[in-house]
Number of protein chains: 2
Amino acid sequence: MDMNLPKNLVNPYDTELFAAMCKALAHPARIMIVNYLQQIDRCLCGDIVDMLPLAQSTVSQHLKCLKDAGFIKGEVDGPRTCYCLDKTMLKKFSLMVDALGKPTSERLWR
Amino acid sequence: MDMNLPKNLVNPYDTELFAAMCKALAHPARIMIVNYLQQIDRCLCGDIVDMLPLAQSTVSQHLKCLKDAGFIKGEVDGPRTCYCLDKTMLKKFSLMVDALGKPTSERLWR
DNA sequence: CATCTTTATCGTCATTCTACGATAAACGAT
DNA sequence: ATCGTTTATCGTAGAATGACGATAAAGATG
């Protein structure tokens with residue numbers, strides 16, 4: 001998205017990235033997954049399927065969405081996949097959200 | 001969304017709310033609007049239309065979306081509407097995002 | 001090797017989102 | 001009262017999302 005504003009007022013690159021991060025979290029099932037992983041550290045896809053009232057294929061889709069956005073990592077282990085949070089990414093997201101409520105001059109990210 | 005997990009592990013109410021907040025921010029144009037309002041404090045709808053490469057009706061739609069989620073407030077002034085951020089809401093969102101990366105026991109919100 | 005378990009992907013359908021132009025509504029100005 | 005300005009809403013078209021079942025793929029197990 002091209003903006004009609006001087007660079008010192010906006011940052012289109014971060015805007016796109018930040019919107020994409022929000023989008024990845026913009027569904028209750030995906031929030032549930034992140035919460036769950038936060039609390040049990042790591043688990044198999046099947047565990048998440050058991051927790052959510054959704055079909056296995058749907059859960060797999062949500063996991064892909066979170067993985068593509070960088071919020072979770074999946075480690076293949078035989079026929080299974082073990083998922084865990086990427087806390088670095090969560091931290092980054094948290095910093096960007098903080099920045100949203102502060103003037104540019106006080107922001108820690110670019 | 002109904003979960004198959006004990007209450008001590010999840011919080012469906014907050015999950016829905018948080019997902020809705022993320023959704024409201026899950027578009028570059030809406031991030032731009034929040035950023036813009038952060039930097040100029042308050043402005044008319046028309047100013048935002050000038051900034052964004054979008055039709056007036058589309059911008060109005062995005063503003064409604066942010067307003068419905070509580071991130072901005074609109075004060076009608078004659079035929080105009082003056083928009084500004086609701087920093088309380090941004091703060092709340094920020095706290096919820098922080099919580100996402102922490103165990104339940106350390107969370108400041110319910 | 002045949003079978004079972006686990007997960008990812010495909011195809012599909014219904015819904016939601018995003019964009020636009022057209023129009024209505026609210027008011028200020030002439 | 002009429003006209004111009006500003007903004008919200010309506011209708012709509014196309015794209016994206018979210019759900020599912022079916023199926024493929026990758027190993028384990030008998």
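Below, chains carry the letters A, B, ... as their sequence lines are ordered, and counting in each starts from 1.
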**Q** Using the ring of each side chain (for Trp, its six-membered ring), is A:F71 parallel, tilted or perpendicular to A:F93, with breaks at 30° and 60°?
**A** perpendicular
**Q** Rounded to whole angstroms, how far apart are CG on B:L25 and P on C:dC17?
**A**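 Those two atoms, CG and P, are 14 Å apart.
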**Q** Please tell me whether A:V59 and A:L44 are part of a single hydrophobic cluster in this structure, the criterion being side-chain heavy atoms less than 4.5 Å apart.
**A** no
**Q** NA contact type, A:K23, heavy-atom cut-off 4.0 Å: base, sugar-phosphate, or nothing?
**A** sugar-phosphate
**Q** In whole angstrom, give the distance that lies between atom NZ of B:K64 and atom P of C:dA19.
**A**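 Rounded to whole Å, this separation is 17 Å.
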**Q** Under 3.5 Å, side-chain donor or acceptor atoms of residues 72-84 of chain A against the rest of the protein: list the pairs with distances, not counting sequence neighbours.
**A**
none

**Q** Heavy atoms under 4.0 Å, any strand shown: does A:T81 hit a base, just sugar-phosphate, or nothing?
**A**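 Sugar-phosphate contact only - A:T81 comes under 4.0 Å of backbone atoms but never of a base.
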**Q** Between D:dT6 and B:Y83, is there an OP1 or OP2 to side-chain N/O distance shorter than 4.0 Å?
**A** no
**Q** Taking the side chain of A:A55 as heavy atoms from C-beta outward, which of C:dT18, C:dA8, D:dC20 is closest to it?
**A**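 Shortest atom-to-atom distance from the side chain points to D:dC20.
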**Q** Counting side-chain heavy atoms from C-beta on, which of C:dA26, C:dT9, D:dG27 comes nearest to B:P79?
**A** C:dA26
**Q** Among D:dT9, C:dT18, C:dT9, which nucleotide sits nearest the side chain of B:H27?
**A**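 Closest nucleotide among those given: C:dT18.
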**Q** Looking only at the side chain of A:C45 (C-beta and beyond, no hydrogens), which of the listed nucleotides C:dG11, C:dT7, D:dT9 gets closest?
**A**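 In terms of side-chain proximity for A:C45, the closest of C:dG11, C:dT7, D:dT9 is C:dT7.
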**Q** Taking A:R30 for its side chain and B:A19 for its backbone only, find out whether a donor-acceptor pair lies under 3.5 Å.
**A** no
**Q** Kindly say whether, by distance alone, the side chain of A:Q61 makes a donor-acceptor pair under 3.5 Å with the base of D:dA19?
**A** yes
**Q** Measure the distance from CD1 on B:I72 to C1' on D:dT7 and round it to the nearest whole Å.
**A**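 Distance check: B:I72 CD1 to D:dT7 C1' gives 13 Å.
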**Q** Atom CD of B:Q56 to atom P of C:dA25: distance rounded to whole Å?
**A** 15 Å
**Q** Taking only the side-chain nitrogens and oxygens of B:H62, find out if one of them lies under 4.0 Å from OP1 or OP2 of C:dC17.
**A**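 It does not, given that no N or O in the side chain of B:H62 lies less than 4.0 Å from OP1 or OP2 of C:dC17.
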**Q** Which sits closer to the 5' end of DNA chain C, A:T58 or A:R80, going by the nucleotide each is nearest to?
**A** A:R80
